[in-house]
Amino acid sequence: MRVLFAGTPAVAVPSLDALIKAGFDVVAVLTRPDAPLGRKRVLTPSPVAARAAELGIDIIHASKVDAETTARIAEAEPDVAAIVAYGGLIPRAALDIPRHGWVNLHFSLLPAWRGAAPVQRSVIAGDDVTGAVTFRLEEGLDTGPVFGTLTESVNPADTAGELLERLSHSGAVLLGQTLAAIDAGKASPQPQSGDVSLAPKLGLDDGRLDWQQPALALNRRSRGVTPEPGAWTTLDGQRVKLEPVALRPEVKDLAPGAVRVDGKSVFVGTGSHAVELGRIQPAGKKMMSSADWARGLATPERVVFE
C-alpha cells in the first residue's frame with residue numbers, strides 16, 4: 001500500500017520508522033519547512049524531514065496545504081495518508097486524494113483533548129490515564145471515527161515530554177496496525193463517544209505558576225508545560241524559569257510565593273502546602289540546581305516569588 005506520511009516534530013519520527021519497518025511503501029513525506037533554531041537562528045529541517053532525507057524519501061515542504069501542495073500530494077498517488085503532528089490543517093481537496101483517506105494518530109483518548117496539546121493538557125488536568133487513537137481525519141477538529149485505541153498510565157512524576165515520548169512509540173505500533181487492517185479490508189472505524197474536551201496550543205502564559213493556587217495544581221502545571229513552553233515565575237520583575245516542582249505536604253507554614261532554604265532544599269509556599277524547587281534558571285543565567293541558586297542569595301529569607 002502506498003502511503004503519504006505527514007508529520008513534523010520528533011514525536012512523529014517513530015511512526016515513520018514503524019511504517020518503513022512494517023514494509024509499507026512510503027512514497028512521500030509532507031512536513032513543515034525548515035525553521036530557524038538556536039541563538040544563531042540557523043535554518044534547520046524538521047526531525048521528520050531529516051529522517052526522510054536519511055531514508056531517501058521524497059519530501060514535500062509546506063507550511064499549509066494549498067493548491068500547489070495538494071497537487072504534489074496527488075502526484076504521489078497515495079492509497080492512504082498517515083498524519084502525526086504535522087501542524088497544519090488538511091483541506092477537503094487533499095483529504096479526498098487517497099482512496100483510503102487520511103489516518104491521524106492523536107495522543108489522547110478522543111473525544112477527550114481534541115486539539116494541538118492533548119498530552120500537556122491531560123497532565124495539567126491531573127488525568128490518571130491517557131492514551132492514543134487512530135482516527136479518520138475529517139475537516140472538523142479531531143472529530144472523525146476511531147480505528148484503534150491504546151491507553152497509558154500517567155505517572156505522578158511524568159512530564160508532558162516524558163509521557164509524549166512513550167506515546168510516540170506505542171502509538172507508532174498502533175498506526176502500523178491500523179494501516180495493515182485498512183489494507184486487509186478489516187478496518188471498521190467507530191464514531192467517537194463520551195465527553196468532549198479541548199486542548200488548545202500552549203502559550204507562554206500557560207507556564208506561569210500562580211503561587212496562590214494549591215500545590216497539587218502547581219505540580220501538575222509545571223509537569224504539563226515541560227519541556228515547552230516551560231514553567232516560570234517572576235522575581236523582582238524578571239522572569240525565572242523553573243523545572244517541575246515537587247510536593248512537600250509536610251511544610252505548611254510558608255505564605256504563597258515565600259521562599260525557604262533548608263540545607264540543599266528550597267521550598268516555596270503555595271495556596272495549600274509548600275513545593276520544593278528542582279532546577280531554576282534566573283534571568284540571564286544558565287539552568288542550575290536550586291541549592292546553587294540559593295547559595296547566591298544575600299537574604300534568602302526575604303525572597304518572594306511574584
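We're numbering straight along the sequence, starting at 1.
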For the backbone of [Y] and the side chain of [X], can you confirm whether one donor and one acceptor N or O come within less than 3.5 Å of each other?
X      : Y      : answer
Ser290 : Gly278 : yes
Gln281 : Arg279 : no
Arg166 : Glu152 : no
Arg221 : Asp206 : yes
Arg51  : Asp17  : no
Glu306 : Asp236 : yes
Asn219 : Ala246 : no
Arg2   : Asp25  : no
Ser168 : Pro14  : no
Thr70  : Ala94  : no

For the residue pair [X] and [Y], what are the closest heavy atoms and their distance?
X      : Y      : value
Gly115 : His106 : O-CE1, 3.2 Å
Leu30  : Leu4   : N-CD1, 4.4 Å
Gly203 : Pro229 : O-CG, 3.3 Å
Asp158 : Ser153 : OD2-O, 4.0 Å
Ser222 : Pro244 : OG-CA, 3.4 Å
Ala112 : Ser197 : CA-OG, 3.3 Å

So [Y] and [X], do their side chains get closer than 4.5 Å, heavy atoms only?
X      : Y      : result
Val48  : Phe5   : yes
Ser265 : Glu276 : yes
Pro282 : Gln238 : no
Val259 : Val268 : yes
Arg114 : Ser108 : no
Asp34  : Pro45  : yes
Pro189 : Val146 : no

* To do: Answer with yes or no whether the side chains of Arg208 and Thr234 bring together a donor and an acceptor at under 3.5 Å.
  =>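 Yes, because at least one side-chain N or O of Thr234 sits under 3.5 Å from a partner of the opposite role on Arg208.
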
* How about Thr159 and Thr226: does a side-chain donor come under 3.5 Å of a side-chain acceptor? ->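 Not at all, the side chains of Thr159 and Thr226 share no donor-acceptor pair under 3.5 Å.
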
Are [X] and [Y] connected in the hydrophobic side-chain network, where two residues link if heavy atoms are under 4.5 Å apart?
X      : Y      : answer
Leu137 : Ile73  : yes
Leu55  : Ile83  : no
Val154 : Val119 : yes
Leu16  : Leu105 : yes
Ile59  : Tyr86  : no

Working to the nearest 0.5 Å, report the span between [atom1] of [X] and [atom2] of [Y].
X      : Y      : atom1 : atom2 : result
Gln120 : Leu163 : CD    : CG    : 9.5 Å
Asn104 : Phe135 : CG    : CZ    : 3.5 Å
His100 : Ile182 : NE2   : CD1   : 7.0 Å
Ile280 : Phe305 : CD1   : CZ    : 4.0 Å
His61  : Thr69  : NE2   : OG1   : 11.5 Å
Met1   : Phe24  : CE    : CZ    : 5.0 Å

* Arg239 NZ/CZ over Trp232 ring centroid, <6.0 Å and within 45° of normal ->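 Yes, cation above the ring, under 6.0 Å and within 45°.
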
* **Working for side chain to side chain contact (heavy atoms under 4.5 Å, CB included), residues Thr149 and Leu110** => CA-CA 9 Å; Thr149 301; Leu110 291 175; over 6 Å; no

* To do: Give the C-alpha distance, both sets of side-chain angles, the deciding distance and a yes or no for side chain to side chain contact (heavy atoms under 4.5 Å, CB included) between Asp58 and Val29.
  => CA-CA 6 Å; Asp58 184 41; Val29 159; over 6 Å; no

* **Stepwise side chain to side chain contact (heavy atoms under 4.5 Å, CB included) test for Val251 and Arg260** => CA-CA 10 Å; Val251 181; Arg260 175 187 296 161; 3.9 Å; yes

Might you confirm whether atom [atom1] of [X] has over 12 heavy atoms from other residues, nucleotides or ligands at distances under 6.0 Å?
X      : atom1 : answer
Leu141 : CG    : yes
Arg92  : CZ    : yes
Glu68  : CD    : no

* From Asp127, Asp142, Thr130, residue fulfilling side-chain hydrogen bond (donor to acceptor under 3.5 Å, both in side chains) relative to Trp113 ->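 For Trp113, the side-chain hydrogen bond (donor to acceptor under 3.5 Å, both in side chains) check succeeds only for Asp127.
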
* Asked: Going through the checks in order, is the side chain to side chain contact (heavy atoms under 4.5 Å, CB included) test met by Phe107 and Val84?
  -> CA-CA 9 Å; Phe107 299 114; Val84 186; 4.1 Å; yes

